[in-house]
Amino acid sequence: MAKQQTFYITTAIDYVNAKPHVGHAFEKTITDTIARWQRLQEKDTYFTTGVDENAQKNVQAAEKKGVSVKKFIDTNTAAFQELCAKLNVSEDKFIRTTAKEHAIVVKEILEKIRKKKDIYKGTYEGLYCVGCETYYTEKELIDGKCPEHKKEPEKRTEEAYFFKLSKYEKQLLKIIPTYVTPPTRANEVMERIKKDGLTDICISRKGAQWGIDFPNDPEYKVWVWIDALINYISGLEEKEKKYWPAQVHVIGKGINWFHSVIWPALLLSAGYKLPEKLVVHGYLNTDGEKISKSLGNVIDPLTLLEKYPADVVRYSFLRCSVFEDTDYSEELLITRNNSELANKLGNLVSRVSTLAETHGLTKVKPLETKKVIAQVTRAFESYQTDKALATIFAFIDSLNELIQKAKPWETKDTKVLYQLADGIKTAAILLSPFMPATSEKIATTFHFELTKKQLESPLAVHKIKKASILFQKIDMVNKTTISPSTYKKEEVKTMKNPPISSISDTRKGDVISNTSDTKAHKQTAHEIKREEKQAGKISYDDFSKVELKVGLIKDVKPHPNADKLYVLTVDLGEDTPRTIVAGLRNHYQPEHLKGKKALFVANLAPVTLRGIESNGMILAAVNDDDSHVVILQPEQDIPPGSKIR
RNA sequence: AGCGGGGUAGAGCAGCCUGGAGUGCUCGCGAGGCCCAUAACCUCGAGGUCGUGUGGUUCAAAUCCCACCCCCGCUACCA
């Protein structure tokens, strides 16, 4: 007998410096659906998901909250586990990278790479700001100075461990086109390799306190990305032999580079087989609509799951395109629940089960379903769960048409009722990876099992009882609204980032990132700010230091090197007009500013912004999330240069 | 500016990879049918220069290639 085929599938592991957001839920749902489909195909499936707990940023985030790092990650990890449970995610293992077993595997693999002579000690040279205790890339500097301290950083070198990524350039270029899907994501990476080439990457962090020790050199920690990627192997534990290589890694587009390039290179070096497919999904765009942005609606998946059944939430994700970015909103969920789940599927099951209860079923040749099954199978082969779902719902539509045409309530045609019931069986089994609980309910009503075998054989006739309501309709008014204050802006930003870590710091492979300790500084800055707030008041003397004047905007030009900035030419009643840079481009058209009088700060120290020196500042009123910006103007006409007191 | 996504009916989308009559889906609108079902379901209809190019390739372009315009996201910038 042939050995049962295995199927190993993973999600990316999530970065736990904040609570889970819809993107995480989206990825888990897609991956879970593929895993369940493979199980339905009778493959021996292993599915892992989990969290990346070793990132340096956790240290800072924890300190900010005033809790220990361990406690901080435990709390957030629990939220991710809760998400999986409530979403009905069927993972076989939830990985935590702080687990001892994980660290052991990381060390083993690094040892293999070292033996291959792909690790060497070199010197990292970078621009170091003493105040921040961190390295900056030239791109991050403003005017050649540290953005926090406005001081020029010094050139510093330190010893570090490097991985010979460059060695694998040719091999990678060869494998990426077949490994990475969709092709645009493969091209993206190929282009970058061809353009910039691959340089060796620094894989150690000196003096970091959080993370996995570098083998044989406790002065260093392993760079978090290396540690994170290895979860795909460490998560298998003793099952490694059985399941590796993975069939699929599902990841978000933001972390494509790490999975397309660094991960296979590490595996090649360590002598592992490569995973078969990297499925790179797009993002759910939750503030695509301006309306929800101004309302401050942040869609929290755990809140959604409290309000709506898991299957409804899952369905709302799974209808979104896997590969493209999609706008996602709670309205969308409600519309889909009502018109697709309740009206189409739910209502169909309800009608057929009621009619079957009163009239019974007579076994005849079922409807043709091979085509639908083949189409769904094909969609799964290319990991387009959204297409698979659309195909199933087109089939459900055809059942609705059939019942309407055949009018079994009039004809009492139990043969048609059988065909409908058999069709529902097919739909329910095909839907079981998407909405497991719903399929289970339908299976109970019509007496079948959610197996491959029953998918391919006609429905056995049983006495049917009317089904209970599958999907309740949702009132639009009941929509969840979360006030902006629930989430700090900063948090939302991090959450929108791809699960593991930031990309910018590895852009050129010259990585000692700015993730290392800026905390000392940041904390003091924070304290100062807080003190200022507590004091809250300034003296008149302080106020009088600010020189406010009326200015006439004589000209408005877009900043040549920045999207959000205008360069204003302003008459402040002086001999020559001043150049003032203002961030108004998203809020005003040039013609609405030109010729107007507005209020300016006249004695602000000049600053160069993206290459243009600004000599003052325009005053504007701003709402909470900066979405609405209004310039201040004198109520009546008054000459430029007039003072404001 | 860098990277990414998009522009298809009043709104939101699919179709594009692999070219074959503007085909389809959800919402909305108009008319009708049905009375089994969750006020659901079914049929028909109105509504389109498929962003622009009187650009290229082709017998044939929403689809492939080129140029341009606009929108959105992330990052930078809001003195």
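None of the values given here were measured: they were computed from a predicted structure. We name chains A, B, ... by the order of the sequence lines, and we start the count at 1 in each one.
Between the CD atom of A:E547 and the P atom of B:A79 there is a distance of 18 Å, rounded to whole Å. B:C78 atom C1' lies 13 Å from atom CG of A:L604, rounded to whole Å. Across the protein-nucleic acid pair, A:Y566 atom OH and B:A79 atom C1' stand 18 Å apart, rounded to whole Å. The nearest whole Å value for the distance from the CG atom in A:N400 to the P atom in B:C25 is 13 Å.
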*Take A:I251 and A:L278 through the test side-chain contact (heavy atoms from CB on, under 4.5 Å) and record every step on the way to the result.*
CA-CA 7 Å; A:I251 62 158; A:L278 182 70; 3.9 Å; yes
*Carefully, step by step, assess A:H281 and A:F26 under the rule ring pair (Phe, Tyr, Trp, His ring centres under 6.0 Å).*
CA-CA 9 Å; A:H281 66 76; A:F26 178 55; 5.4 Å; yes
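Closest to the A:L609 side chain, of the nucleotides B:C27, B:C78, B:C25, is B:C78. Comparing B:U43, B:C25, B:G5 by their closest approach to the side chain of A:D397 singles out B:C25.
With respect to A:E410 and A:K412, no salt bridge is recorded, no charged nitrogen being found less than 4.0 Å from a carboxylate O.
Tested against A:H447, the residues A:K425, A:H462, A:K465 include a single side-chain contact (heavy atoms from CB on, under 4.5 Å) partner, A:H462.
Defined by atom type and a distance below 3.5 Å, a donor-acceptor pair is missing between the side-chain atoms of A:E27 and A:Y283.
Between B:C68 and B:G32, the distance separating the two C1' atoms is 48 Å to the nearest Å. The gap from the P atom of B:U8 to that of B:C50 amounts to 11 Å, rounded to the nearest Å. Taking atom C1' in both B:C29 and B:A11, the straight-line distance is 12 Å, to the nearest Å. B:G22 and B:A61 have their P atoms separated by 9 Å, given to the nearest Å. Nucleotides B:C25 and B:G15 are separated by 11 Å at their C1' atoms, to the nearest Å. To the nearest whole angstrom, the two P atoms, one in B:C66 and one in B:C27, are 38 Å apart.
A centroid separation of 6.0 Å or more is found between the aromatic rings of A:Y315 and A:Y308.
Base pairing analysis places B:A14 opposite B:U23; the two distances defining the Watson-Crick or G-U wobble pair are each below 3.5 Å. Pair assignment for B:C3 gives B:G73, based on Watson-Crick or G-U wobble hydrogen-bonding distances that are each under 3.5 Å.
Residue A:R319 is out of contact with every strand shown, counting any heavy-atom pair closer than 4.0 Å. A:G282 comes within 4.0 angstrom of no nucleic acid atom, judged by non-hydrogen atoms across all strands.
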*asked:* Can you build the contact string for nucleotides 31-38 of chain B? Use B for base contact, S for sugar-phosphate-only contact, and - for no protein heavy atom under 4.0 Å.
replied: --BSSBBB
Report, one pair per line, the protein and nucleotides 15-17 of chain B atoms (nitrogen or oxygen only) whose separation is under 3.5 Å.
from	atom 1	to	atom 2	distance (Å)
B:G15	OP1	A:K387	NZ	3.3

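The aromatic rings of A:F317 and A:Y328 are tilted relative to each other, their planes meeting at an angle between 30° and 60°.
Residues A:N338 and A:K344 both approach RNA chain B. Their nearest nucleotides, taken by heavy-atom distance, put A:K344 toward the 5′ side.
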